[in-house]
2 protein chains.
Amino acid sequence: IQRPVSGVTLDRNQARLAILKVPDRPGVAGEVFGALAERRISVDMIIQAFHEDRSVNDITFVVKREDLAPAKESLTAVAARLCAEGVLADEDVAKVSIVGAALMDQPGVAASMFSALGRAGINIKMISTSEIRISCAVSDSEAERAVRIVHDLFHLGETDS
Amino acid sequence: IQRPVSGVTLDRNQARLAILKVPDRPGVAGEVFGALAERRISVDMIIQAFHEDRSVNDITFVVKREDLAPAKESLTAVAARLCAEGVLADEDVAKVSIVGAALMDQPGVAASMFSALGRAGINIKMISTSEIRISCAVSDSEAERAVRIVHDLFHLGETDS
Ligand SMILES: C[C@@H](O)[C@H](N)C(=O)O
Ligand SMILES: C[C@@H](O)[C@H](N)C(=O)O
């Protein structure tokens, strides 16, 4: 049987930010990330979901923990310019990801990862997926335990990754 | 100069769903995607962002348009079990993605994609990124124009991808 999951990775020392209720009109996302790019701040895991109120939206992203202060400053200035509702910041973020070819084509892989973390009492703070990767943000204090649980769930110890 | 972006892809015939204000406690995401996996519904682009109210969260994902009805049914049943606020569905979704090695390491690439779509008056409905991919969901009616704009922005025509 081809194993759907070929490995698990852990990124620690991260932080997450969100800009809340920006106007949902063309060009706004460009303005938000243009301001961060001007300060040479690398961002990761940009997420904009499906907002109940179609006239506004929230945009969430992850940065290295050492970039949290300048990123928050930039974001707060953009939020004022856009009349957004505000900015959230959280420096307690670690990203646990599983990778594998055609991971998302198998309906049960994501569910089993989420459920295994749930059974262990680990709360998932954020989720982001692509065709070959499923990432969960968890509290940094639970990062190592989360990696072990996912590692065991998909029997990753048996191959030398 | 190494081109950061090696190609652009388009996925049409998609739909997006969201379950709103589920309790933000361990195991909930597993329950949502377990229900969908039981009905063998493949999901793509799962997104859970940073919610203002830390006791609840929304989860958004994309399915093939032909799976929208069964997915919505499953999601509505889970929403009732979890006392979620409700379910949103939108069948007007096309996913435009750029891919490239170490894409997100260059702070300006995401900003320039978002801004180019903004200048063309194309609204971005959802965003999801990984280290090597940036995806924007747009209205299906704007999909082809969005691909052309991104294609020209990153001079993709010059190489045979
Ligand atoms: C909302 C949901 O993701 C929950 N936090 C969980 O861990 O399953
Ligand atoms: C909210 C933001 O993404 C907006 N819809 C845009 O297109 O830029």
Side-chain angles (χ1 to χ4, degrees), chain A residues 16-18 20 24-34 36-37 39-52 58-60 85-86 88 90 104-108 110-136, chain B residues 16-18 20 24-34 36-37 40-52 58-61 85-86 88 90 104-108 110-136:
Chain A
R16 61 179 175 151
L17 290 141
L20 300 172
D24 195 347
R25 56 161 199 269
V28 165
E31 203 170 330
V32 171
F33 291 98
L36 291 158
R39 299 194 60 171
R40 311 299 299 157
I41 295 169
S42 262
V43 300
D44 185 30
M45 209 165 152
I46 303 172
I47 291 177
Q48 177 188 312
F50 193 165
H51 204 283
E52 196 171 1
D58 303 337
I59 303 177
T60 301
E85 181 176 276
L88 294 178
D90 172 16
M104 291 300 283
D105 290 354
Q106 341 219 359
S112 58
M113 177 184 185
F114 302 155
S115 292
L117 292 172
R119 282 192 302 277
I122 294 176
N123 194 45
I124 300 169
K125 292 187 158 190
M126 283 161 72
I127 301 171
S128 173
T129 71
S130 73
E131 294 72 34
I132 57 167
R133 185 187 55 85
I134 299 173
S135 292
C136 291
Chain B
R16 60 180 175 151
L17 290 141
L20 301 171
D24 196 347
R25 54 160 201 269
V28 165
E31 202 170 330
V32 171
F33 292 98
L36 291 158
R40 311 299 299 158
I41 295 168
S42 264
V43 299
D44 186 29
M45 209 167 153
I46 303 173
I47 290 177
Q48 177 187 310
F50 193 166
H51 204 282
E52 194 171 4
D58 304 336
I59 302 177
T60 300
F61 58 92
E85 182 177 276
L88 294 177
D90 171 14
M104 291 300 283
D105 291 353
Q106 337 214 4
S112 59
M113 177 184 186
F114 302 155
S115 293
L117 293 172
R119 282 191 301 276
I122 294 177
N123 194 46
I124 301 169
K125 292 186 157 193
M126 283 162 70
I127 300 170
S128 173
T129 71
S130 73
E131 294 72 33
I132 57 166
R133 187 188 54 84
I134 299 173
S135 291
C136 292

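Just so we're on the same page: letters track the sequence lines, and every chain starts at 1.
Only the backbone of A/D105 comes within contact range of chain B, judged by heavy atoms closer than 4.5 Å. For a residue to count as touching a neighbouring chain, one of its non-hydrogen atoms must lie under 4.5 Å from one of that chain's; by this rule A/I134 does not touch chain B. Within the 4.5 angstrom heavy-atom criterion, only backbone atoms of B/I41 (N, CA, C, O) approach chain A. Looking at A/R16, both its backbone and its side chain come within 4.5 Å of chain B, counting heavy atoms on both sides. In this structure, the portions of B/R40 lying under 4.5 Å from any heavy atom of chain A include both its backbone and its side chain. Using a 4.5 Å cut-off between heavy atoms, B/L20 contacts chain A through its side chain alone, with no backbone atom that close.
Looking at heavy atoms from C-beta onward, B/I59 lies out of side-chain contact with A/F114 at the 4.5 angstrom threshold. Within the 4.5 Å cutoff, the side chain of A/D44 has heavy atoms near those of the B/E131 side chain. Using a 4.5 Å cut-off on side-chain heavy atoms (C-beta onward), B/I132 and A/I132 make contact.
To the nearest 0.5 Å, atom OG1 of residue A/T60 and atom CD1 of residue B/I127 are 10.0 Å apart. Rounding to the nearest 0.5 Å places CD1 of B/I47 at 6.5 Å from OG of A/S128.
Interface summary for chain B: among A/A120, A/A116, A/G34, A/A37, the most heavy-atom pairs under 4.5 angstrom belong to A/A37. Counting heavy-atom pairs closer than 4.5 Å to chain A, the top residue among B/I122, B/T129, B/V32, B/L36 is B/T129. Of the listed residues A/S135, A/S42, A/S112, the one with more heavy-atom pairs under 4.5 angstrom with chain B than any other is A/S42. Comparing B/A49, B/C136, B/G86 by how many heavy-atom pairs each has under 4.5 Å with chain A, the most go to B/A49. When A/R119, A/R39, A/K125, A/E31 are compared by the number of non-hydrogen pairs under 4.5 Å with chain B, A/K125 comes out ahead. For the options A/G108, A/G121, A/A110, heavy-atom pairs under 4.5 Å to chain B are most numerous at A/G121.
Across all their heavy atoms, B/S115 and A/G30 have their closest contact at OG-CA, 3.2 Å. Of all the heavy atoms in A/I124 and B/D24, the pair that sits closest is O-OD1, 3.8 Å. Between A/S130 and B/R133, the shortest heavy-atom contact is CB-NH2, 3.2 Å.
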